[in-house]
Number of protein chains: 2
Amino acid sequence: MPTDAPTPSRVRASDELRQVALEQFSTIGFAASSLQHIADQAGYSKSSVLYHYSSKEALLEAAIGPAIDALEALLGDFVASGRSVEARAEFIERFVDFLLGNRLAVHTFVNQGQSLPGVPVIERANTAIRGLADSICEADAPLSEQMRFGVALAGAAYTLVAGATFLEQGRRAEADDADVRAALISVLSELLIPADGRTTR
Amino acid sequence: MPTDAPTPSRVRASDELRQVALEQFSTIGFAASSLQHIADQAGYSKSSVLYHYSSKEALLEAAIGPAIDALEALLGDFVASGRSVEARAEFIERFVDFLLGNRLAVHTFVNQGQSLPGVPVIERANTAIRGLADSICEADAPLSEQMRFGVALAGAAYTLVAGATFLEQGRRAEADDADVRAALISVLSELLIPADGRTTR
DNA sequence: TCAGAGTCTGACCGATCGGTCAAGTAGGCT
DNA sequence: AGCCTACTTGACCGATCGGTCAGACTCTGA
């Protein structure tokens with residue numbers, strides 16, 4: 001079956017491996033994840049992994065690349081739409097949706113972004129994150145303003161991806177994604193929307 | 001020199017190794033840090049590292065244990081002091097000071113807390129973090145309230161430790177610690193102080 | 001002078017790492 | 001039938017991992 005059509009019979013091996021790898025990378029870390037372990041978990045041999053992905057790094061690229069693409073697109077749209085309150089509001093909503101839809105990938109490159117120097121896909125992620133910080137907040141803004149943005153973005157990302165893993169583990173089975181989305185958008189709006197001058201409060 | 005007195009002549013080898021290890025653990029991660037690399041960086045042999053610390057795990061314990069002790073103490077004082085506005089305000093200040101004084105250690109166990117299951121000192125850190133979240137916010141609080149606390153604490157920690165490493169890298173040489181402290185306390189107060197009822201706004 | 005504790009090191013161990021390679025299998029095409 | 005492509009695998013490689021161990025080099029106190 002050389003075409004990339006539905007192939008309804010079975011899950012593509014490469015997809016399966018990519019998913020298992022993403023879970024490993026996000027939970028125990030890229031460095032601690034071994035190809036052998038990933039292969040075992042997915043029910044293949046290590047050689048098969050290296051057949052579908054030419055290296056461990058290529059596997060990482062396949063696992064988190066799409067999420068970084070999405071983040072870059074999100075960022076591009078935001079800088080193109082200006083800094084109006086409406087643009088900020090829409091950005092916040094899309095950002096939260098991005099986080100919710102890419103928890104594992106975000107967890108991976110947020111938590112290990114500084115730990116893996118020289119890996120191209122990680123550099124791309126770091127550049128995107130830096131661009132995010134730069135675009136939402138002018139460099140000449142007061143420090144407390146910058147801090148507000150940093151806390152909002154990092155806090156949102158970390159609360160969702162890591163908080164979901166161990167902060168709320170146990171005491172909250174799993175909150176409805178819609179509820180989480182609404183709550184997160186509310187908190188982020190509170191921090192980011194007034195933006196200049198702190199009109200409220 | 002069997003006593004633990006000043007020993008002014010030279011830095012204690014074990015201290016030097018602990019510091020180098022902490023830097024490695026926090027920047028490239030525990031799993032990716034090798035005893036060989038740590039030893040090279042500190043100017044010792046791998047055997048010397050294993051003389052002073054019986055295992056890689058013991059080295060991790062020595063590197064981040066004191067910070068976890070401080071966090072536990074901070075947490076204990078806070079739960080003992082009640083939830084009044086004054087207690088919260090003091091807690092925020094002490095929490096920020098804790099973050100500022102233990103950047104590398106916090107970076108290590110915040111970012112890798114879920115990646116290193118079974119390591120006692122990490123379990124201790126995770127328990128402390130969970131206790132922190134539980135104590136500052138009742139379990140029956142509305143989701144948006146919980147989210148606010150999560151964003152505040154995680155955002156503050158991440159902004160300081162990781163943000164300092166790569167978010168602001170380059171465009172801000174190094175902000176005065178006092179300024180950072182003030183800005184961070186301001187943002188956290190805004191998020192956490194009203195606490196119940198959201199009287200403002 | 002000798003004994004002994006404290007420190008440092010190289011040689012070495014088994015295990016595992018990421019990665020290569022040749023062989024083998026199964027299915028579709030002519 | 002034959003061939004080709006896609007896929008899977010075990011054997012194997014050099015490097016590196018955490019860790020052990022037996023020496024060797026101080027320095028101190030008797």
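Treat the numbers as computed from the prediction; the structure is a model and nothing was measured. As a basis for the values below, the full set of heavy atoms in this structure was taken, side chains included, without hydrogen atoms, waters or symmetry mates. Quick note on labels: first sequence line is chain A, next is B, and so on, each numbered from 1.
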If only side-chain N and O atoms of [X] are considered, is one of them under 4.0 Å from the OP1 or OP2 phosphate oxygen of [N]?
{"X": "A/S47", "N": "D/dG10", "result": "no"}
{"X": "A/H52", "N": "D/dT8", "result": "yes"}
{"X": "B/S45", "N": "C/dT9", "result": "yes"}
{"X": "B/Y51", "N": "C/dC8", "result": "no"}
{"X": "B/S34", "N": "D/dC17", "result": "yes"}

Any idea which of C/dG18, D/dT8, D/dG19 is nearest the B/L50 side chain? D/dG19
Report the nucleotide, chosen from C/dC21, D/dC21, C/dG18, that has the shortest atom-to-atom distance to any side-chain atom of A/L35. C/dG18
Spacing between [X] atom [atom1] and [N] atom [atom2], to the nearest angstrom:
{"X": "B/K46", "N": "D/dT16", "atom1": "NZ", "atom2": "C1'", "answer": "8 Å"}
{"X": "A/Y44", "N": "D/dG10", "atom1": "OH", "atom2": "C1'", "answer": "18 Å"}
{"X": "A/Q36", "N": "C/dA15", "atom1": "CD", "atom2": "P", "answer": "15 Å"}

SB check B/D15 B/R18 (cutoff 4.0 Å): yes
Check ion pair B/D40-B/K46 (N to O, under 4.0 angstrom): no
Identify whether any heavy atom of A/S33 sits under 4.0 Å from a base atom; if not, whether one sits that close to sugar-phosphate; answer base, sugar-phosphate or nothing. sugar-phosphate
Base, sugar-phosphate, or nothing: which does A/S48 touch, judged by heavy atoms less than 4.0 Å apart? base
DNA chain D contacts made by residues 55-65 of chain A, counting heavy atoms under 4.0 Å: none
Sequence-distant partners of B/S47, side-chain contact (heavy atoms from CB on, under 4.5 Å), two or more places apart: B/S45
